[in-house]
Trainee: 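Sharing a structure below in structure tokens format, with a few things to ask.
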Amino acid sequence: MDTVVASPRLYSLGRYPAWVMTDRPLRLRFAPSPTGFFHVGGARTALYNWAIAQREGGTFVLRIEDTDEARNQPEWTQGIIDALAWIGISSDDEHFEGPYFQSTYADAHIAAATRLYEAGAAYYCDLTGDEVQERAKANGKPGYDGYSRDRGLEAGPGRVLRFRVPEGTTIVHDLVRGEVSFDNFNIEDFVLLRGNGSPMFLLANVVDDITMRISHVVRAEEHLPNTPKQQMLWNALGVEPPVWAHVPVLVNEQRKKLSKRRDKVAVEQYRAEGFLADGMVNYLMTLGWAPSGDTEIVPWSRVVTDFRLEDVNHSPAFFDLKKLSAFNAEYIRALSLDAFIEACAPFLLAPDVPWNPEHFNPVVFTAMAPLAQTRVTRLDEVVAMVDFLFLVEPPIDEAAFTKTMGGPNARELLSEVIAAYGTAEWEHEALKETLEAIGEGYQLKLGKAQAPIRVAVTGRTVGPPLFESLVLLGRDETLRRLQAALQRAGATPG
RNA sequence: GGCCCCAUCGUCUAGUGGCCUAGGACACUACCCUCUCAAGGUAGCGGCACGGGUUCGAAUCCCGUUGGGGCUGCCA
């Protein structure tokens, strides 16, 4: 049995009203439904819960809310677990508990509903959805009008069980928003059990939270309107409600809530594109919150010590891919060379790589790695950065070729370089000085002179430093590509 | 429509009545460095939505306006 008491440090700043105090063991939960890829918004909520659980010695409960038969797929459940582990929320950690599956608690949900019915806190209603709407229309007030409140209906096929919302006001105590007050007059008698007897989200969610002894419900703001209903349920079930905390939603450029349909929200996808978990975690934490001090790039250990729900911002936060990328690039650069090389491996050895896998040379890549590390924002970019080293015929960018080879002296310069590189010491300083000298003969600075060589060898105008690249490519291959480019230039009129 | 939430540079934020001439980060611009591109360095651009109060003093407190968002299912 868990006997740990929520650390007073959670409320240590001394400016909190009595209602945030609870002497229940600190137990938080993250309760996603497995209806698709793992959402970045969900990841942030999970991280907020996780940070608190770790600092306060509390428990993070993972509960999979798999009660929507139509939309649930088992593979999404594993996806959630894997994605959580990727961002550091791992079942190996002592603060982690679960996963539990909501579908296995249906009996408890129904039992709770029955208790509510027997206590008179809920009643059955035989109106169909359409009928409810018709009445609402006739009443001029949206929602269910309490038609069956006093009809004394028994349970029966097609009859839903509705909660009898009491008169009065429901005040929700929220750690990020303070007191939020709802007039019960505006809350309809909501459905607990469907016509087929299955429990609804509101009920299942509350019953599970009670069963799992959840002390703090930290979730996205979109649930705030549900909260008075759930709080009434806690009370009706005879349990003191938890401490609530509703964190702002994540929005897109149009300032709409991030949606699976419109926006790129899958954590798995970011991972596949070469975003680092640490960078992702760090960025996600700064959406609605900032660590103290004047840098936002902080290790998770700092997040754990600094993060406070009470400091979370109240307004929606824009999920900015540019800033995420900047964080990611910074985290990539902070990697040790070995770690960087290791992190690149999955991308270099992927099946969709443009070169023949047999031509990939890890030694060559290792030599190129430090030059690539400061030049990529995501790990998957490394492929295009080094492809010319492993491709037999790197594709030539047409525009780049005409631009750099079109100059009056390009072909002459190229042949001179070919001649000189045939005998030059194959070392980057020597290669550089050789080209520099040849360029001078044409009044070209190195910056200009290197362009046609680069395009001839790599197919592009931009890329890693040229002479190091040539060294790695080798004399023979370099010469071969320079020759090919010369021929190609000769074949082009002008 | 109703209920609820929110409002500091373009964006994420610091700020909890005097340390604010409002700080940092991303983005953007310029310059330096430089074999391209990056990285790095320096500088710059840019904000308290508006209107009323309260106060000696307000980005910070109150009210209103405007603007945004969330919810409004026998989905979760």
Side-chain angles (χ1 to χ4, degrees), chain A residues 15 31-35 65-72 102 125 127-129 132-133 140-143 158-162 172 174 176-177 180-183 185-188 190-198 200-202 204-205 220-228 246 248-249 251 253-257 283 286-297 311 313-320 322-327 329-330 333 371-377 385 404 428 431-432 435-436 439 445-451 453-455 458 460-468:
Chain A
R15 51 190 166 95
S33 55
T35 55
E65 304 217 323
D66 55 346
T67 50
D68 183 343
E69 331 75 21
R71 291 193 301 158
N72 284 314
Q102 185 158 71
C125 174
L127 253 34
T128 65
V132 169
Q133 276 195 6
K141 188 191 175 198
R159 291 181 179 175
V160 299
L161 183 69
R162 285 180 180 273
V172 169
D174 190 294
V176 348
R177 275 150 222 288
V180 186
S181 145
F182 299 84
D183 188 336
F185 175 77
N186 294 310
I187 302 175
E188 64 175 329
F190 52 95
V191 175
L192 262 19
L193 255 29
R194 299 188 183 89
N196 65 7
S198 65
M200 292 281 292
F201 156 75
L202 247 18
N205 191 261
E221 191 197 344
E222 64 207 67
H223 290 289
L224 189 52
N226 289 149
T227 309
H246 289 91
V249 293
V251 297
E253 212 146 15
Q254 286 73 242
R255 307 225 54 100
K256 300 284 188 203
K257 191 175 77 165
Y283 176 66
T286 66
L287 256 19
W289 175 79
S292 58
D294 59 5
T295 174
E296 294 174 312
I297 304 280
D311 296 337
N313 246 48
H314 296 186
S315 9
F318 170 50
F319 184 83
D320 186 356
K322 276 197 180 147
K323 190 158 179 179
L324 201 215
S325 300
F327 270 53
E330 189 134 341
R333 280 178 245 125
L371 302 175
Q373 191 170 2
T374 56
R375 288 175 171 76
V376 293
T377 293
M385 181 103 356
T404 52
H428 81 96
L431 294 175
K432 178 180 173 187
L435 179 63
E436 214 161 14
K445 294 198 167 185
L446 231 205
K448 287 284 186 192
Q450 60 90 40
I453 312 299
R454 178 183 294 279
V455 172
T458 71
R460 307 189 186 94
T461 54
V462 301
L466 181 62
F467 305 108
E468 284 86 345

Trainee: Using a cut-off of 4.0 Å on non-hydrogen atoms, how would the nucleic acid contact of A/Glu296 be classed: base, sugar-phosphate, or nothing?
Mentor: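 Here A/Glu296 touches the bases of the nucleic acid.
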Trainee: Tell me: CG of A/Asp183 to P of B/C5, nearest whole Å?
Mentor: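 It is 13 Å, rounded to the nearest whole Å.
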Trainee: To the nearest Å, give me how far apart CD1 (A/Ile187) and P (B/C3) are.
Mentor: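 Computing the A/Ile187:CD1 to B/C3:P distance gives 12 Å.
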Trainee: Base, sugar-phosphate, or nothing for A/Arg177, non-hydrogen atoms under 4.0 angstrom?
Mentor: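 Sugar-phosphate, no base atom in range.
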Trainee: For a quick test of reading the model, state the closest non-hydrogen atom pair linking A/Thr404 to A/Ala451 and the distance between them.
Mentor: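 Scanning both residues, the minimum pair turns out to be CG2-CB, 3.8 Å.
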Trainee: With P as the reference atom in both, quote the distance from B/A7 to B/C63 in angstrom, rounded to an integer.
Mentor: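 The answer is 14 Å between these two P atoms.
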Trainee: For B/C50, what is the paired nucleotide under Watson-Crick or G-U wobble rules, both distances under 3.5 Å?
Mentor: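 Because both required distances fall under 3.5 Å, B/C50 counts as paired with B/G64.
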Trainee: Give the nucleotide from the list B/A38, B/G73, B/C5 with an atom nearest to the side chain of A/Thr374.
Mentor: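 Out of B/A38, B/G73, B/C5, the nucleotide with an atom closest to A/Thr374's side chain is B/A38.
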Trainee: Within this structure, what is the CG-to-P distance between A/Leu466 and B/C37, rounded to whole angstrom?
Mentor: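 So the two atoms are 13 Å apart, to the nearest Å.
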Trainee: Classify the side chain of A/Lys323 and the base of B/C12 as holding, or not holding, a donor-acceptor pair under 3.5 Å.
Mentor: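 Check passes, donor-acceptor contact within cut-off.
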Trainee: The side chain of A/Pro465 is closest to which nucleotide in this list: B/C5, B/U36, B/C6?
Mentor: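 Among B/C5, B/U36, B/C6, the one nearest the side chain of A/Pro465 is B/U36.
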Trainee: Keeping the roles fixed (side chain from A/Arg375, backbone from A/Pro464), state whether a donor-acceptor pair exists under 3.5 Å.
Mentor: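 No, A/Arg375 side chain to A/Pro464 backbone: no donor-acceptor pair under 3.5 Å.
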Trainee: Base, sugar-phosphate, or nothing: which does A/Pro228 touch, judged by heavy atoms less than 4.0 Å apart?
Mentor: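 No contact at all - A/Pro228 keeps every heavy atom at 4.0 Å or more from the nucleic acid.
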Trainee: Please classify the nucleic acid contact of A/Leu127 as base, sugar-phosphate, or nothing, using heavy-atom distances under 4.0 Å.
Mentor: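 Base, at least one base atom sits under 4.0 Å.
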Trainee: Start at the 5' end of RNA chain B and walk down; is the nucleotide closest to A/Gly143 or to A/Asn226 reached first?
Mentor: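 So the residue in question is A/Gly143.
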Trainee: Of all the choices, B/C75, B/A7, B/C26, which nucleotide is nearest to the side chain of A/Lys322 once you look at every atom?
Mentor: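 Out of B/C75, B/A7, B/C26, the nucleotide with an atom closest to A/Lys322's side chain is B/C26.
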Trainee: Could you tell me how far B/G1 sits from B/C20 if I compare only their C1' atoms? Round to whole Å.
Mentor: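 My reading of the C1' atoms in B/C20 and B/G1 gives 43 Å.
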Trainee: For A/Gly288, answer base if it contacts any base atom (sugar-phosphate contacts may also be present), sugar-phosphate if it contacts only those atoms, and nothing otherwise; contact means non-hydrogen atoms under 4.0 Å.
Mentor: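 Sugar-phosphate only.
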Trainee: Side-chain N or O of A/Arg375 versus OP1/OP2 of B/G40: is the shortest distance under 4.0 Å?
Mentor: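 False: A/Arg375 side-chain N/O out of range (4.0 Å or more) of B/G40 OP1/OP2.
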Trainee: Categorize A/Gly463 for me: base, sugar-phosphate, or nothing, with a 4.0 angstrom heavy-atom threshold over every strand shown.
Mentor: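 Since a base atom lies under 4.0 Å of A/Gly463, the category is base.
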Trainee: Select from A/His428 and A/Ala317 the residue whose nearest nucleotide in RNA chain B is closer to the 5' end of that strand.
Mentor: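 Its nearest nucleotide being more 5', the pick is A/Ala317.
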Trainee: Under 4.0 Å from OP1 or OP2 of B/G40: is there any side-chain N or O of A/Arg333 that close?
Mentor: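 Yes, because at least one side-chain N or O of A/Arg333 sits under 4.0 Å from OP1 or OP2 of B/G40.
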Trainee: What's the spacing between A/Arg162 CZ and A/Glu188 CD if we round to 0.5 Å?
Mentor: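 Result: 6.0 Å between the selected atoms.
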Trainee: Looking only at side-chain atoms of A/Phe327, point me to the closest of B/C37, B/A25, B/C6.
Mentor: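 Out of B/C37, B/A25, B/C6, the nucleotide with an atom closest to A/Phe327's side chain is B/A25.
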Trainee: On a plain distance test, is the side chain of A/Glu222 in donor-acceptor contact with the base of B/C5 below 3.5 Å?
Mentor: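 Counting by modelled atom types and ignoring angles, no donor-acceptor contact under 3.5 Å is found here.
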Trainee: Taking the same atom, C1', in B/C26 and in B/C9, what whole-Å distance lies between them?
Mentor: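 My reading of the C1' atoms in B/C26 and B/C9 gives 12 Å.
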Trainee: Please round to the nearest 0.5 Å and tell me the distance separating atom CG of A/Leu192 and atom CZ of A/Phe201.
Mentor: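 That separation rounds to 12.5 Å.
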Trainee: At 4.0 Å (heavy atoms only), tell me whether A/Phe182 reaches a base, stays on the sugar-phosphate, or touches nothing.
Mentor: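 Sugar-phosphate contact only - A/Phe182 comes under 4.0 Å of backbone atoms but never of a base.
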Trainee: Quickly work out the A/Phe318 CZ to B/A7 P distance and round it to whole Å.
Mentor: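 Interatomic distance, CZ of A/Phe318 to P of B/A7: 19 Å.
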Trainee: If the P atom of B/A27 is compared with that of B/U11, how far apart are they to the nearest Å?
Mentor: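 That atom pair is separated by 16 Å.
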Trainee: Over all strands shown, is A/His223 touching base, sugar-phosphate only, or nothing at heavy-atom distances under 4.0 angstrom?
Mentor: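 Base contact.
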Trainee: With a 3.5 Å distance limit and no angle check, can you tell me whether A/Arg255 reaches the backbone of A/Pro316 through a side-chain donor-acceptor pair?
Mentor: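 Checked: pair present.
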Trainee: Using whole Å, report how far NZ of A/Lys432 lies from C1' of B/U36.
Mentor: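 Result: 13 Å.
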Trainee: A/Val180 near the nucleic acid: base, sugar-phosphate alone, or nothing, with a heavy-atom cut-off under 4.0 Å?
Mentor: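 Counting heavy atoms under 4.0 Å across all strands, the contact made by A/Val180 is with sugar-phosphate only.
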Trainee: CG of A/Asn313 versus C1' of B/U16: gap in Å, rounded?
Mentor: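 Checked: the CG to C1' distance equals 13 Å.
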Trainee: Tell me what A/Ser181 touches on the nucleic acid: a base, only sugar-phosphate, or nothing, going by heavy atoms under 4.0 Å.
Mentor: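 Touches sugar-phosphate only.
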Trainee: Among the candidates B/C12, B/A76, B/U16, find the nucleotide nearest to the side-chain atoms of A/Arg194.
Mentor: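 Of B/C12, B/A76, B/U16, B/A76 is nearest to the side chain of A/Arg194.
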Trainee: Could you give the CD-to-P distance, from A/Gln450 to B/U34, as a whole number of Å?
Mentor: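 Distance check: A/Gln450 CD to B/U34 P gives 15 Å.
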Trainee: Using atom P in both nucleotides, what's the gap between B/G47 and B/C56 to the nearest angstrom?
Mentor: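 The same atom, P, in both gives a distance of 31 Å.
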Trainee: Quick one: A/Asp294 CG to B/A22 C1', roughly how many Å, whole number?
Mentor: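 It is 15 Å, rounded to the nearest whole Å.
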Trainee: Assign the ring pair A/Tyr283 / A/Phe319 to parallel, tilted or perpendicular, where the plane angle (0 to 90°) is split at 30° and 60°.
Mentor: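 It falls in the perpendicular class, over 60°.
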Trainee: I'd like the P distance from B/G10 over to B/G46, given in whole Å.
Mentor: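 About 10 Å, rounded to a whole number of Å.
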Trainee: Using the C1' atom as the reference point in each nucleotide, state the distance between B/A59 and B/U21 in Å, no decimals.
Mentor: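 It comes out at 14 Å once rounded to the nearest Å.
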Trainee: Looking only at side-chain atoms of A/Lys256, point me to the closest of B/A76, B/C35, B/G69.
Mentor: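 The answer is B/G69.
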Trainee: Write down the partner of B/C3 under the Watson-Crick or G-U wobble criteria, each distance required to be under 3.5 Å.
Mentor: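 Because both required distances fall under 3.5 Å, B/C3 counts as paired with B/G70.
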Trainee: In terms of side-chain heavy atoms of A/Ala326, which of B/G73, B/A27, B/G40 is nearest?
Mentor: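 Side chain of A/Ala326 sits closest to B/A27.
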Trainee: I need the minimum non-hydrogen distance between A/Gly288 and A/Ala317, along with the two atoms involved.
Mentor: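 Distance-wise, the nearest heavy atoms are N-CB, 4.3 Å.
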Trainee: Go ahead and name the base partner of B/A25; Watson-Crick or wobble counts if both distances stay under 3.5 Å, otherwise write none.
Mentor: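 B/A25 is paired, partner B/U11.
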Trainee: Would you give the length of the straight line joining atom CD of A/Gln254 to atom CZ of A/Phe318, rounded to the nearest 0.5 angstrom?
Mentor: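 Separation between the atoms: 8.5 Å.
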Trainee: How would you label the contact of A/Pro316 with the nucleic acid (heavy atoms, under 4.0 Å): base, sugar-phosphate, or nothing?
Mentor: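 Sugar-phosphate, no base atom in range.
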Trainee: Considering every strand shown, what is the Watson-Crick or G-U wobble mate of B/C31 when both distances are under 3.5 Å?
Mentor: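 Result: B/G41.
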Trainee: Give a yes-or-no answer on whether the side chains of A/Arg454 and A/Thr458 include a donor-acceptor pair shorter than 3.5 Å.
Mentor: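 Absent: no donor and acceptor within the cut-off.
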Trainee: Using a heavy-atom cut-off of 4.0 Å across all strands, would you classify A/Gln133 as base, sugar-phosphate, or nothing?
Mentor: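 Touches nothing.
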Trainee: Measuring only the C1' atom in each nucleotide, how far is B/U16 from B/G51? A whole number of Å is fine.
Mentor: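 Each nucleotide's C1' atom is 24 Å from the other's.
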Trainee: What's the spacing between A/Gln450 CD and A/Phe467 CZ if we round to 0.5 Å?
Mentor: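 Going from CD on A/Gln450 over to CZ on A/Phe467, the span is 7.0 Å.
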Trainee: Base, sugar-phosphate, or nothing for A/Thr461, non-hydrogen atoms under 4.0 angstrom?
Mentor: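 The answer is base, as A/Thr461 lies within the cut-off (heavy atoms under 4.0 Å) of a base atom.
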Trainee: Would you indicate what A/Arg460 reaches in the nucleic acid, counting non-hydrogen atoms under 4.0 angstrom: base, sugar-phosphate, or nothing?
Mentor: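 Nothing, no nucleic acid heavy atom in range.
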